[in-house]
Amino acid sequence: MKIPFLSLKEVTALRAVEINEAVQRVVSSGWYLQGEENERFEKNYADFIGTKYCVGCANGLDALIWIFRAYIELGIMQPGDEVIVPANTYIATILALTENGLKPVLVEPKLNTLEIDKDLIEAEITSKTKAVCIVHLYGRDAYSEKIAALCRKYNLKLIEDNAQAHGCRHNEQRTGSLGDAAGHSFYPGKNLGALGDGGAVTTNDEKLAQTVRMLANYGSSRKYVFDYCGRNSRLDEIQAAVLNVKLKYLDEDNDYRKGIARYYIRKIQNPMVKLPDTLPEESNVFHLFPILCDHRDELQKYLNDKGIGTLIHYPIPPHKQQCYSQWNDVQLPITEQIANQELSLPIGPVITLEEAAEVVAAINAFTI
Ligand SMILES: *Cc1c(COP(=O)(O)O)cnc(C)c1O
């Protein structure tokens, strides 16, 4: 592959000296869980996002699971309650609800933003609705004052899935600080990625933060005392140390992604290819660069033959998956159209402008 979709090896190599030093420091410390690196990362990340609390956990799926489980333990939600989510999200958002016995109410996205259609939310609110979970998919800010106002009007929690949008802003505020709580993933390929799994919950709600912390550590309030039937879902010290290094460069890396994205937006000109509407500079950190094309599969094969790596996010929407066979007959035409037409172009902190120019030239020369 001449131009890989994303070379994690090169991403890590960008900061190799500092990362190796940080890992080595943990290795020789003899302390591998719930130590100084975690404490430092939780403080650094809460400061970065702009919330009072950050609780590290094992991965992004768990972060979302713990938010909803904590609301259940605190008596704010109960199994059977409904949560509104975008139908085109990554399956983890949906799994976090069904894992807790909550009912996902799937709302269509808009084709020009690929984010939840805020005008379709109110019609889905029932007496059982307890939350709206927005997903800043592809790195785009999905928050809107309209959604926040609906949550206030109907007394719903506003939860953010910020797994793809670390560092993104809505005006001055970071995504992950806009709602009542947010789940973050540090999966290696994310904008802020560890060298393995990792996740975190951010919130200004002290009770929620305390409950999440207990749930992710066996449900334990202090050593050998168990308040809840929790699980072992901790962020380890090596990952926290790596994240402490990489967090320092996150804004810089996101700016680099924005530069590549600006170039794609300016240069891609093929009537068969549609780009999502642009947002203000601060409101998209381009975790991915999605395009839509009627001949997506042909385009992907054509680019692959030229040595250009692409991925589809996501080829099968959650409601069409075997694990959710009860929804397989539900009609969500926009979500299905996106699944059939979406293609993610190479983007990240290591692709060069020359490589981006090759991608553009190839796309612009694509005919059917
Ligand atoms: C990656 C991702 C998650 C889950 O994160 P993991 O760390 O892989 O468990 C959740 N939601 C979205 C939108 C994601 O992209």
Side-chain angles (χ1 to χ4, degrees), residues 5-6 8 11 41 45 54-69 83-100 102 104 106-107 109 113-116 131-143 159-168 175-176 178-179 181-202 212 215-216 231-236 239-240 242-243 246 254 257 284-290 311-319 321 323-324 335 338-339 342 344 347-348:
F5 177 72
L6 176 68
L8 286 178
V11 171
F41 176 68
Y45 197 60
C54 168
V55 182
C57 65
N59 55 65
L61 171 59
D62 277 3
L64 293 164
I65 288 175
W66 298 136
I67 290 170
F68 290 102
R69 171 79 186 276
V83 177
I84 290 171
V85 284
N88 63 323
T89 186
Y90 179 57
I91 198 147
T93 325
I94 313 287
L95 284 170
L97 301 175
T98 54
E99 171 87 10
N100 279 303
L102 297 165
L106 304 174
V107 169
T113 66
L114 310 178
E115 304 295 347
I116 192 166
V132 176
C133 183
I134 56 172
V135 182
H136 305 295
L137 207 61
Y138 305 114
R140 291 175 68 101
D141 168 27
Y143 178 88
I159 310 304
E160 299 174 80
D161 180 339
N162 200 46
Q164 299 193 359
H166 324 87
C168 183
T175 58
L178 301 161
H184 308 255
S185 162
F186 308 122
Y187 177 83
K190 301 287 163 83
N191 289 35
L192 178 59
L195 302 185
D197 278 315
V201 171
T202 55
V212 166
L215 288 168
R231 272 203 288 114
N232 179 350
S233 171
R234 300 177 297 222
L235 182 65
D236 70 67
Q239 301 309 334
V242 170
L243 291 168
K246 292 184 76 175
N254 283 342
R257 287 173 184 270
N284 195 339
V285 291
F286 293 98
H287 171 56
L288 298 168
F289 192 93
L311 288 175
I312 297 166
H313 296 93
Y314 298 92
I316 307 171
H319 73 284
Q321 298 287 351
C323 63
Y324 291 128
T335 298
I338 293 169
E342 196 275 347
S344 299
I347 195 161

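Count residues from 1 along the sequence. Atom set for the values below is all heavy atoms of this structure, side chains included, hydrogens, waters and symmetry mates excluded. Numbering of ligands and ligand atoms starts at 1, following listing order.
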Spatial distance of atom CD1 (I94) from atom NE2 (H319) [nearest 0.5 Å]: 10.5 Å
Rounded distance [0.5 Å steps], CG in L114 versus CD1 in I338: 5.0 Å
Pairing residues for R69 by the side chain to side chain donor-acceptor pair (under 3.5 Å) criterion, not counting sequence neighbours: E73
Side-chain donor or acceptor of Q239 paired with backbone N/O of L195 under 3.5 Å: yes
All ring-ring contact (aromatic ring centres under 6.0 Å, His included) counterparts of Y187, not counting sequence neighbours: none
Partner set under side chain to side chain donor-acceptor pair (under 3.5 Å) for S233, not counting sequence neighbours: D62, W66
If you look at each N/O of ligand 1, which protein N/O atoms lie under 3.5 Å away, and at what distance?
unit_1   : atom_1 : unit_2 : atom_2 : d
ligand 1 : 5 (O)  : S185   : OG     : 3.1
ligand 1 : 7 (O)  : G60    : N      : 2.8
ligand 1 : 7 (O)  : S185   : OG     : 2.6
ligand 1 : 9 (O)  : G60    : N      : 3.3
ligand 1 : 9 (O)  : L61    : N      : 2.8
ligand 1 : 11 (N) : D161   : OD1    : 3.3
ligand 1 : 11 (N) : D161   : OD2    : 2.7
ligand 1 : 15 (O) : Q164   : NE2    : 2.7
ligand 1 : 15 (O) : K190   : NZ     : 3.1

